[in-house]
**Q** 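This is the structure I want to talk about, given as structure tokens.
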Amino acid sequence: MSEKPDLNAISHDLFAVRNEKLAQLRAAGEDPFRANWNQTHVSTECPALLPEGVEEGPEVSVAGRIVALRVMGKASFVKILDRGGIIQTYFTRDALGEAYDTHFKKMLDTGDFVGVRGKLFRTKTGEVTVRTAEYRLVSKALRPLPEKWAGLTDAEKIYRQRYLDLVVNEESRRRLLVRSRVVEAIRRFLWSRDFTEVETPALHAIAGGAAARPFETHSNALDCDFYLRIALELHLKRCLVGGLDRVFEIGRVFRNEGVSVKHSPEFTMLEAYQAYTDYRGMMELVRSMIQKVCADVLGTTVVTRPDGVTIELGGEWREAKYKDLIVERTGDPQWFARTKEEKIAACKALGLHEPRTDWEDFEVTNEVFGKLIEPGLIQPTFVTHIPKELCPLAKVTVGDDTTIDVFELCINGQEIAPAYSEQNDPGVQRKMLEIQAGAETQKIDEDFLLALEHGMPPAGGLGIGIDRLVILLTGAANIRDVILFPTLAPEAQA
RNA sequence: GGCCGGAUAGCUCAAUGGUAGAGCAGUUGACUUUUAAUCAAUUGGUUCCGGGUUCGAGUCCCGGUCCGGCCA
């Protein structure tokens, strides 16, 4: 560098200042974008390498993004963020010579990626720190990080530029790492029960397995329309037909419906099917799974929400019949004998928004459940004996042909997991699907019914909303907070 | 889809219809154990977009975009 750089003139333009620094580095023969570093240690390993009472630890080689720069005259502290967390490094003129003034102090910015090699020591306040013997700039950040204290709080920026949120908001990083560990623990649990993981199509000719509005798309090669799947169910049952008698899939499903704190257009479902058991068997399976996952990931079975409410996931879980809960909440023992009009009137008296008159009778009742009962089910509760119209894929209860052998597991005021004794009578299944489809007979999945006609073993089936489970285990306020890159409308082009 | 709230410097936020400011970041200087380091000086604006009212609009009105909350 022969000319003195004029950063003063452009000091207001942070992008230009950093570009100028990059240009000067390149002019001096250094290109940070062609450099690399041998990362031998992660930040979180370092404290254990320097036991209490030991003055100097082994040499380590760490790398990461500069998240704090405390530059002083001839000695400075630099905090580096890697996949484990933050490690402090110590830069001195004594160790680095002239480069300390001309390179370290002038060319590095927060956000830059650096590699640092040196021995561990403890500062006078006790923080384990790398005494830098050698360092290298291995990527330049041309844009600044958000402000160090207030951080990034703008919800739109947090979602659109999640990478910035991950760099500066430790809680966001933790939440999304918990999510990863939850999925890992679920797989381990199901493998221990001898389940096989499979992958089934996301493009469906008929969107079945649930009642939801699908996204539509088109295949040019096959010249036909497809739907993005709204459930995993029907293909996993085909696996049962094929003899895979314990199968599961963890996959993205898509529902073209409302977006809210609890609903995302794309979300992740676990579905598991086990032959030669029923919904009672699924109760044991889901309770054991959630308890194991929670203990593995959090080290406890007690979850504390941000508002201080604690949820006990250990032990046995409450069971309650759907009809009993309705009768209890409405205070009307004869509720299920009432006409639809009487139920609608009662809903209004209970303070509910007026149910739509085109609703079916069971939908009016389910409005009471969804609005007045489910939000209050904070501790784990298996809601059983649900009206058969709500799930046409389950077996009807022996001795009560108005209900089905299913449960909906509710925790934290949300439905976390439904499970069924799966319907395997092809004749009954056809009738139920015909009732559900009504006039839209083209929505009946004939290929699925053909599979059932070949014989499906008796089985219990289970679905878990992974996002909601992670909300429960992380105390997140919003489903978008447990999804790395949530669905947003495109930003207007500048 | 409806209602309510929000959008101002890189970030976090101020600003009775009357000269758009602060902190942090940046730039310059001092400083060899900091912890939001400190001290001094200093640069920085299409107030989301498009119209309108007004002598004068970040502020009021109309339309739109995006984000959030509640409801459907």
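Chain letters run A, B, ... following the sequence lines, proteins first and then strands; every chain starts at 1.
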**Q** Please indicate whether A:K323 has more than 12 foreign heavy atoms, meaning atoms of other residues, nucleotides or ligands, lying under 6.0 Å from its NZ.
**A** yes

**Q** Could you give the distance separating B:rA37 and B:rU27 at their P atoms, to the nearest angstrom?
**A** 15 Å

**Q** Looking at A:F15, does the NZ or CZ of A:R143 lie under 6.0 angstrom from its six-membered ring centre and within 45 degrees of the ring axis?
**A** yes

**Q** Starting at CD of A:E491 and ending at C1' of B:rC66, how long is that distance when rounded to a whole Å?
**A** 7 Å

**Q** For RNA chain B, which ranges pair as stems of 3 or more consecutive Watson-Crick or G-U pairs, with both donor-acceptor distances under 3.5 Å?
**A** B:1-7 with B:65-71, B:10-13 with B:21-24, B:26-30 with B:38-42, B:48-52 with B:60-64

**Q** Considering only B:rC71, B:rU35, B:rC24, which nucleotide approaches the side chain of A:K148 most closely?
**A** B:rC24

**Q** Between C1' on B:rU34 and CD1 on A:I87, what's the gap in Å once rounded to a whole number?
**A** 15 Å

**Q** Do A:Y322 and A:F369 have their ring centres less than 6.0 Å from each other?
**A** yes

**Q** Write down the distance separating the C1' atoms in B:rC67 and B:rA30, rounded off to the nearest Å.
**A** 44 Å

**Q** Determine whether the aromatic ring centres of A:H103 and A:Y135 lie less than 6.0 Å apart.
**A** yes

**Q** Identify which one of A:W317, A:Y420, A:F382 satisfies the ring-ring contact (aromatic ring centres under 6.0 Å, His included) criterion when paired with A:F407.
**A** A:F382

**Q** Quick check for you: among B:rA72, B:rU35, B:rC67, whose closest atom lies nearest to any side-chain atom of A:E127?
**A** B:rU35

**Q** Hey, does the side chain of A:K124 come within less than 4.0 Å of B:rU34's phosphate (OP1/OP2), counting only N and O?
**A** yes

**Q** I want to know whether A:F485 and A:Y159 have ring centres closer than 6.0 Å.
**A** no

**Q** Ring of A:Y100, cation from A:K105 - is the NZ or CZ under 6.0 Å from the centre and inside 45° of the axis?
**A** no

**Q** Heavy-atom nearest nucleotide on RNA chain B for A:Y159 versus A:P146: which residue maps closer to 5'?
**A** A:P146

**Q** Could you tell me whether the phosphate oxygens of B:rA36, OP1 or OP2, come under 4.0 Å of any side-chain nitrogen or oxygen in A:R70?
**A** no

**Q** Name the nucleic acid region contacted by A:F121, choosing base, sugar-phosphate or nothing; use a 4.0 angstrom heavy-atom cut-off, strictly under.
**A** base

**Q** Within the structure shown, what part of the strands sits under 4.0 Å from A:K157 by heavy-atom distance: base, sugar-phosphate, or nothing?
**A** sugar-phosphate

**Q** Just call it for A:T153: base, sugar-phosphate, or nothing, with non-hydrogen atoms closer than 4.0 Å on any strand.
**A** sugar-phosphate

**Q** Quick one: is A:R143 getting a side-chain N or O under 4.0 Å of the B:rA25 phosphate, OP1 or OP2?
**A** no

**Q** Please check the phosphate of B:rA72 (OP1 and OP2 only) for any side-chain N or O of A:K371 closer than 4.0 Å.
**A** yes

**Q** Rounding to the closest angstrom, what is the interatomic distance between B:rU47 and B:rU59 at atom C1'?
**A** 10 Å

**Q** Return the nearest nucleotide to the side chain of A:D109; candidates are B:rU27, B:rU33, B:rA72.
**A** B:rU27

**Q** Closest approach to the side chain of A:V17, judged atom by atom: which nucleotide of B:rU33, B:rA72, B:rU27 is it?
**A** B:rU27

**Q** RNA chain B: A:D154 or A:L488, which has the more 5' nearest nucleotide?
**A** A:D154

**Q** Quick one: OG1 on A:T110 to CG on A:L81, what's the gap to the nearest 0.5 Å?
**A** 12.5 Å

**Q** Which whole-number value in Å describes the distance from A:K106 NZ to B:rG29 P?
**A** 4 Å

**Q** What is the separation between atom CG on A:N8 and atom C1' on B:rU27, rounded to the nearest whole Å?
**A** 5 Å

**Q** When the C1' atoms of B:rC3 and B:rU12 are compared, how many Å lie between them, rounded to an integer?
**A** 29 Å

**Q** Could you grab the distance from atom CG of A:D165 to atom CZ of A:R160, nearest 0.5 Å is fine?
**A** 14.5 Å

**Q** When the C1' atoms of B:rU43 and B:rG29 are considered, how many whole Å apart are they?
**A** 15 Å

**Q** What nucleotide among B:rU27, B:rU35, B:rA37 has an atom nearest to a side-chain atom of A:M72?
**A** B:rA37

**Q** Given B:rU12, B:rA25, B:rU43, identify the nucleotide with an atom nearest to the side chain of A:S11.
**A** B:rU43

**Q** How many whole angstroms separate atom CD of A:E147 from atom P of B:rA22?
**A** 16 Å

**Q** Closest approach to the side chain of A:T92, judged atom by atom: which nucleotide of B:rU28, B:rG44, B:rU32 is it?
**A** B:rU32

**Q** In whole angstrom, what separates A:H263's NE2 from B:rC71's P?
**A** 12 Å

**Q** Determine the contact category for A:V168: base if any of its heavy atoms lies under 4.0 Å from a base atom, sugar-phosphate if only primed atoms, P, OP1 or OP2 are that close, otherwise nothing.
**A** nothing

**Q** Do A:F215 and A:Y227 make the cut of ring centroids closer than 6.0 angstrom?
**A** no

**Q** For A:R122, report the nucleic acid contact type (base, sugar-phosphate, nothing); a contact means any heavy atom under 4.0 Å.
**A** nothing

**Q** Closest to the A:E156 side chain: B:rU12, B:rU33, B:rC67?
**A** B:rC67

**Q** Atom CZ of A:R160 to atom P of B:rG68: distance rounded to whole Å?
**A** 8 Å

**Q** Using whole Å, report how far CD1 of A:I66 lies from P of B:rU34.
**A** 20 Å

**Q** Can you tell me if A:R18 touches the phosphate of B:rG26, counting only side-chain N or O atoms and a distance under 4.0 Å to OP1 or OP2?
**A** no

**Q** Please tell me which of the listed nucleotides, B:rU27, B:rC31, B:rU35, lies nearest to the side chain of A:K105?
**A** B:rC31

**Q** Would you measure the distance from the C1' atom in B:rA57 across to the matching atom in B:rU53 and give it in whole Å?
**A** 10 Å

**Q** Rounding to an integer number of angstrom, what distance separates B:rC60 and B:rC24 when you compare their C1' atoms?
**A** 33 Å

**Q** Which nucleotide in the list B:rU33, B:rG69, B:rU27 gets nearest to the side chain of A:V261?
**A** B:rG69

**Q** Expressed as a whole number of Å, how far does the P atom of B:rU28 sit from that of B:rA15?
**A** 34 Å

**Q** Regarding A:F15, tell me which of base, sugar-phosphate or nothing describes its non-hydrogen contacts under 4.0 Å with the strands shown.
**A** nothing

